[in-house]
Chemist: 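This is the structure I want to talk about, given as structure tokens.
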Amino acid sequence: GTAHTKRRGEVRGGGKKPWKQKGTGRARHGSIRSPLWRGGGITFGPRKDRNWEQKVNRKVRQAAIAMALSDKAAVGQFIVLDELAATLKKTKAVMEVFKKLPLKRGKIILALPSALKAVGRLVANASGVTPIGVGSLNAFDILKHQNLITTVSGVKEMEKIYKGVSRTK
């Protein structure tokens, strides 16, 4: 998505009409930056403003997230805490809590309910930990990180969001 060509209006120069309209015996031209001329604009070249996003249906996206969550739970990489105290004031204190957990080696995604946004700000600068709201979970992040940590209230929010999502048809 980085290829980019200039159209005739973006090419430098070509403001003056190259020769008068009549009387020269030559073809009429208005600019030397026309796509027909050497050094002119490109007619149908690639543009950097092209949008490469693809739409994924909501139910398909939710099913992918539900499958990724159930996979994490089956492998033992989904850890649910009773409570993550909002009284924690330092990143170091939160990381000490994480060290006591039976985590697999690798990155951690911390899925937080909306009530614990302050804890997310604490661990945002910690390496290997990605805080994300429960409503913002996506399948890519879940699969990219080796461990998923949330609270009981976070699981309740997940159940509310993903209830009725079936894995098979």
Side-chain angles (χ1 to χ4, degrees), residues 1-72 77-78 90-92 94-95 98 104-150 154 157-158 160-169:
T2 58
H4 178 73
T5 56
K6 293 183 179 180
R7 295 189 176 143
R8 66 182 294 164
E10 298 165 337
V11 178
R12 187 171 179 183
K16 181 177 176 284
K17 190 168 172 62
W19 50 78
K20 63 181 190 171
Q21 182 87 352
K22 298 175 138 328
T24 61
R26 304 184 75 183
R28 53 192 177 193
H29 288 291
S31 170
I32 64 168
R33 294 307 180 216
S34 163
L36 304 176
W37 286 55
R38 181 180 168 281
I42 305 298
T43 308
F44 295 115
R47 305 290 291 173
K48 68 181 173 196
D49 53 354
R50 180 170 172 187
N51 185 0
W52 293 91
E53 285 184 10
Q54 290 185 332
K55 179 184 173 287
V56 178
N57 292 335
R58 180 179 47 85
K59 288 182 181 179
V60 173
R61 192 175 348 133
Q62 284 185 336
I65 294 169
M67 285 173 55
L69 288 172
S70 64
D71 181 54
K72 286 284 182 213
Q77 297 174 344
F78 191 129
K90 296 273 187 183
T91 303
K92 187 175 182 180
V94 178
M95 296 309 286
F98 288 166
K104 304 277 191 230
R105 188 171 183 182
K107 294 181 180 180
I108 301 168
I109 186 166
L110 183 62
L112 295 167
S114 54
L116 293 176
K117 283 187 179 177
V119 177
R121 283 195 295 274
L122 283 177
V123 297
N125 62 347
S127 64
V129 181
T130 305
I132 192 167
V134 172
S136 301
L137 276 174
N138 59 74
F140 179 77
D141 281 341
I142 295 170
L143 296 174
K144 184 174 78 169
H145 294 78
Q146 284 73 26
N147 302 293
L148 190 138
I149 301 174
T150 190
E157 275 190 38
M158 285 181 204
K160 192 174 12 172
I161 294 170
Y162 304 114
K163 72 172 183 184
V165 176
S166 66
R167 287 180 54 181
T168 58
K169 287 213 172 203

Chemist: Compare every heavy atom of Ile142 with every heavy atom of Ala68, then report the nearest pair and how far apart it is.
Modeler: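 In this case the closest contact between Ala68 and Ile142 is CB-CG2, 3.7 Å.
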Chemist: Out of curiosity, Asn147 CG to Phe78 CZ, how far, rounded to the nearest 0.5 Å?
Modeler: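 These two atoms lie 12.0 Å from each other.
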Chemist: What pairs of donor and acceptor atoms, side-chain ones from residues 125-137 against any protein atom, are under 3.5 angstrom apart with sequence neighbours left out?
Modeler:
from, atom 1, to, atom 2, distance (Å)
Thr130, OG1, His145, NE2, 2.9

Chemist: Checking Gln77 now: which residues fulfil side chain to side chain donor-acceptor pair (under 3.5 Å) with it, not counting sequence neighbours?
Modeler: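 Expected list: Lys72.
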Chemist: Only counting residues at least two apart or in another chain, list the ones meeting side chain to side chain contact (heavy atoms under 4.5 Å, CB included) with Arg58.
Modeler: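 Testing Arg58 for side chain to side chain contact (heavy atoms under 4.5 Å, CB included), a comparison that skips the adjacent residues, returns Arg61, Gln62.
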Chemist: Sequence neighbours left out, what passes side chain to side chain donor-acceptor pair (under 3.5 Å) with Gln146? Give chain and number order.
Modeler: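 For Gln146, no residue satisfies side chain to side chain donor-acceptor pair (under 3.5 Å) once neighbours in sequence are set aside.
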Chemist: Taking side chain to side chain donor-acceptor pair (under 3.5 Å) as the definition, give me every residue that meets it alongside Arg28, ordered by chain and number, with sequence neighbours left out.
Modeler: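 Expected list: none.
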Chemist: What are the two closest non-hydrogen atoms of Ala111 and Met158, and how far apart are they?
Modeler: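 Looking at all heavy atoms of both residues, the closest pair is CB-CE, 3.9 Å.
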Chemist: Keeping to residues at least two apart or across chains, list the ring pair (Phe, Tyr, Trp, His ring centres under 6.0 Å) pairs with something in residues 42-69.
Modeler: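 Qualifying pairs, neighbours excluded: none.
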Chemist: Hey, could you give me the CG/CE distance between Leu122 and Met95, rounded to the nearest 0.5 Å?
Modeler: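 That separation rounds to 11.5 Å.
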Chemist: Looking at residues at least two apart in the chain, or sitting in another chain, which of them share a ring pair (Phe, Tyr, Trp, His ring centres under 6.0 Å) with His29?
Modeler: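 Here the qualifying residues are Trp19, Trp37.
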Chemist: Please enumerate all residues that pass side chain to side chain contact (heavy atoms under 4.5 Å, CB included) together with Asn57, with sequence neighbours excluded.
Modeler: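 Applying side chain to side chain contact (heavy atoms under 4.5 Å, CB included) to Asn57 gives Lys55, Val60.
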Chemist: Which pairs, with at least one residue in residues 3-16 and sequence neighbours excluded, count as a salt bridge (Lys or Arg N to Asp or Glu O under 4.0 Å)?
Modeler: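 Found Glu10-Arg47.
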Chemist: State, with a plain yes or no, whether a side-chain heavy atom of Leu110 is found less than 4.5 Å away from one of Phe98.
Modeler: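 The answer is yes; the side chains approach within 4.5 Å.
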Chemist: Taking the side chain from Ser34 and the backbone from Ser31, do they hold a donor-acceptor pair closer than 3.5 Å?
Modeler: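 No, because the side chain of Ser34 does not come within donor-acceptor range (under 3.5 Å) of the backbone of Ser31.
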Chemist: Can you tell me how far apart CD1 (Ile149) and CD1 (Ile108) are? Round to the nearest 0.5 Å.
Modeler: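 Atom-to-atom, Ile149:CD1 and Ile108:CD1 are 4.5 Å apart.
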Chemist: Any idea which heavy atoms bring Gly40 and Val11 closest together, and the distance?
Modeler: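 It is C-CG2, 4.0 Å.
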Chemist: Can you name the residues that form a side chain to side chain donor-acceptor pair (under 3.5 Å) with Asp141, not counting sequence neighbours?
Modeler: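 By the side chain to side chain donor-acceptor pair (under 3.5 Å) rule, Asp141 matches Asn138.
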Chemist: Lys17: which residues meet the side chain to side chain contact (heavy atoms under 4.5 Å, CB included) condition with it, sequence neighbours left out?
Modeler: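 Counting only residues at least two positions away or on another chain, Lys17 forms a side chain to side chain contact (heavy atoms under 4.5 Å, CB included) with Gln21.
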